[in-house]
There are 2 protein chains.
Amino acid sequence: MPRPATAARHEPPVVEQVDTTFLEGLLGYNARRAALSVIEVFLERMDVYKLRPVDFSVLSLVVHNPGITSRQLCTTLGILPPNLVSLVGGLEKRGLIERMPHPRDGRATGLHPTAAAQKMMRQAERTAAELEAHAARRLSPSEHKTLLRLLRKMYRDD
Amino acid sequence: MPRPATAARHEPPVVEQVDTTFLEGLLGYNARRAALSVIEVFLERMDVYKLRPVDFSVLSLVVHNPGITSRQLCTTLGILPPNLVSLVGGLEKRGLIERMPHPRDGRATGLHPTAAAQKMMRQAERTAAELEAHAARRLSPSEHKTLLRLLRKMYRDD
DNA sequence: TATTGTTATACTCTATAACTATA
DNA sequence: TATAGTTATAGAGTATAACAATA
């Protein structure tokens with residue numbers, strides 16, 4: 001039973017190159033890694049607006065849907081109601097959101113963007129578009145479009 | 001200036017259907033939503049093994065790379081070293097991982113799967129494959145393959 | 001001097017139960 | 001009875017600083 005002279009008996013193996021074949025075949029693993037790579041750049045570029053990803057999502061929806069309710073925000077973004085409270089409260093304190101009574105439901109509150117929010121989000125959405133170009137920098141325009149379509153198709157509700 | 005009889009002056013708007021057009025055009029938003037939809041099902045189906053996504057990832061890498069070090073796990077999975085300690089400690093307590101001194105670096109520790117871990121992960125990886133089929137249920141085999149390829153291409157390091 | 005692994009710790013994110021006001 | 005919004009709180013996830021042992 002010949003063995004290499006440099007290898008001791010029962011010596012544990014050493015990993016030179018990590019084999020990630022199995023994990024890289026999973027949609028969840030790859031989608032998560034892809035999302036995290038975008039969020040990393042997002043945090044840097046949106047720091048000037050002091051907007052976290054969730055703040056940006058909420059403000060974008062409020063700007064494009066004036067009068068949207070907290071419940072609608074929660075359902076759309078998958079946020080739990082208790083966790084939206086301080087989030088909206090923070091944006092209100094910053095003068096970016098105004099609460100107005102819902103005209104048809106006394107339990108609900110309509111959320112409205114202030115002029116400051118509209119101005120800031122015009123810029124922030126431009127930054128988001130630049131960020132999108134960066135995220136897709138290794139993809140052709142056709143691949144970019146295909147990736148967006150397949151991701152939406154994947155998680156779309158039935 | 002005629003107005004509908006039911007609309008009071010200055011009445012705030014009501015959102016019937018939420019417009020998500022802008023957010024749905026962003027890779028980060030869609031990748032995150034897609035990842036969360038997979039993780040939701042993952043948590044249900046992996047509960048029988050008591051494995052969170054991160055436990056599964058670590059164990060899968062240890063099984064396919066016996067002798068892998070903590071540092072290699074951190075780099076591969078994007079985990080910070082202090083956060084891996086209790087994670088590996090937990091798997092060791094459950095008799096799924098064994099630590100052995102690294103044969104060529106006295107600072108490092110090689111992580112090895114136990115027989116129990118190998119047995120469990122054969123089943124768990126089968127479950128992951130079923131989960132993958134579920135995640136891709138709305139995609140054709142060709143679309144599934146394309147989505148995996150484009151996601152990897154998107155976040156791949158330069 | 002740099003790296004591996006670790007401890008302690010703080011901060012953020014997410015989840016659950018329970019309450020109020022209104023439908 | 002059900003829903004919108006809120007409070008309080010617990011748990012999970014993620015981050016930084018600092019240290020011992022080894023390279």
Side-chain angles (χ1 to χ4, degrees), chain A residues 12 14-15 18 28 32-33 35-37 39-40 42-44 46-47 50-58 62 67-93 97-112, chain B residues 12 14-15 18 28 32-33 35-37 39-40 42-44 46-47 50-58 62 67-93 97-112:
Chain A
V14 170
V15 175
V18 178
R32 179 151 191 280
R33 296 302 299 260
L36 289 177
S37 76
I39 290 173
E40 187 180 5
F42 187 101
L43 294 174
E44 297 167 11
M46 291 294 179
D47 185 62
K50 296 301 170 195
L51 292 179
R52 298 163 299 168
V54 66
D55 298 316
F56 177 87
S57 300
V58 165
V62 170
I68 192 172
T69 67
S70 293
R71 188 76 185 89
Q72 288 176 310
L73 279 176
C74 285
T75 302
T76 304
L77 294 176
I79 301 172
L80 291 170
N83 299 329
L84 187 70
V85 175
S86 67
L87 211 164
V88 169
L91 295 173
E92 193 183 21
K93 271 189 186 165
I97 281 183
E98 275 180 355
R99 297 173 199 246
M100 297 177 65
H102 192 285
R104 297 209 305 260
D105 188 336
R107 299 168 301 182
T109 308
L111 304 176
H112 299 262
Chain B
V14 170
V15 175
V18 179
R32 179 151 191 280
R33 297 302 299 259
L36 289 176
S37 76
I39 290 173
E40 187 180 6
F42 187 101
L43 293 174
E44 297 168 10
M46 291 292 180
D47 185 62
K50 296 300 170 195
L51 292 179
R52 298 164 299 169
V54 66
D55 298 315
F56 177 86
S57 300
V58 165
V62 170
I68 193 172
T69 67
S70 293
R71 188 76 185 89
Q72 287 176 310
L73 278 176
C74 286
T75 302
T76 304
L77 294 175
I79 301 172
L80 292 170
N83 299 328
L84 188 69
V85 175
S86 66
L87 211 164
V88 168
L91 296 173
E92 193 183 22
K93 271 190 187 167
I97 282 184
E98 275 180 354
R99 296 174 200 247
M100 296 176 67
H102 192 284
R104 297 210 304 258
D105 189 336
R107 299 168 302 182
T109 308
L111 303 176
H112 299 261

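Quick note on labels: first sequence line is chain A, next is B, and so on, each numbered from 1.
Taking CG of Leu51(A) as the start and CG of Leu43(A) as the end, the distance is 11.0 Å to the nearest 0.5 Å. Rounding to the nearest 0.5 angstrom, the gap separating the CG atom in Leu73(B) from the CD1 atom in Ile68(B) is 4.0 Å.
Ranking dG5(D), dT7(C), dA23(D) by closeness to the Thr69(A) side chain, first place goes to dG5(D). Nearest nucleotide to the Pro82(B) side chain, out of dG5(C), dA23(D), dT6(C): dT6(C). Listed nucleotides: dT6(C), dT6(D), dT14(D). Nearest to the side chain of Asn83(B): dT14(D). Checking dA23(C), dG5(D), dA23(D) against every side-chain atom of Asp105(B), the shortest atom distance belongs to dA23(D). Listed nucleotides: dA17(C), dA4(D), dT14(C). Nearest to the side chain of Arg32(B): dT14(C).
The distance from atom CG of Leu80(B) to atom P of dT6(C) is 15 Å, rounded to the nearest whole Å. Following rounding to the nearest Å, Lys50(B) (NZ) and dA12(D) (P) show an atom-to-atom distance of 12 Å. We find that CZ of Arg107(B) is positioned 14 Å from C1' of dT6(C), with the value rounded to whole Å. Nucleotide dT3(C) holds its P atom 15 Å from the CD atom of Gln72(B), rounded to whole Å. In this entry the distance linking NE2 of His102(B) with P of dA23(D) reads 11 Å, nearest Å. Atom CG in Leu87(A) sits about 13 Å away from atom P in dT12(C), given to the nearest Å. In this structure, CG of Leu77(B) is placed 15 Å from C1' of dT14(D), rounded to the nearest angstrom. The separation between Leu73(B) atom CG and dT6(C) atom P is 12 Å, rounded to whole Å.
Heavy-atom nearest nucleotides on DNA chain D were determined for Arg52(B) and for Ala108(A), and the one closer to the 5' end corresponds to Ala108(A). Place Gly106(A) and Pro81(B) on DNA chain C by their nearest nucleotides, and Pro81(B) ends up nearer the 5' end.
Arg71(B) and Thr75(B) are linked by a side-chain donor-acceptor pair at a separation below 3.5 angstrom, with hydrogens and angles left out of the test.
For dA2(D), neither phosphate oxygen OP1 nor OP2 lies less than 4.0 angstrom from any side-chain nitrogen or oxygen of Arg71(A). Dashed line: the shortest gap from a side-chain N or O of Arg99(A) to OP1 or OP2 of dT6(D) is under 4.0 Å.
Closest of all the heavy-atom pairs between Gly67(A) and Val15(B) is C-CG2, 3.8 Å.
Between the side chain of Asp105(B) and the main chain of His102(B), no donor-acceptor pair closer than 3.5 Å is present.
Residue Arg104(B) is classed as having no contact, given no heavy-atom separation below 4.0 Å to the nucleic acid.
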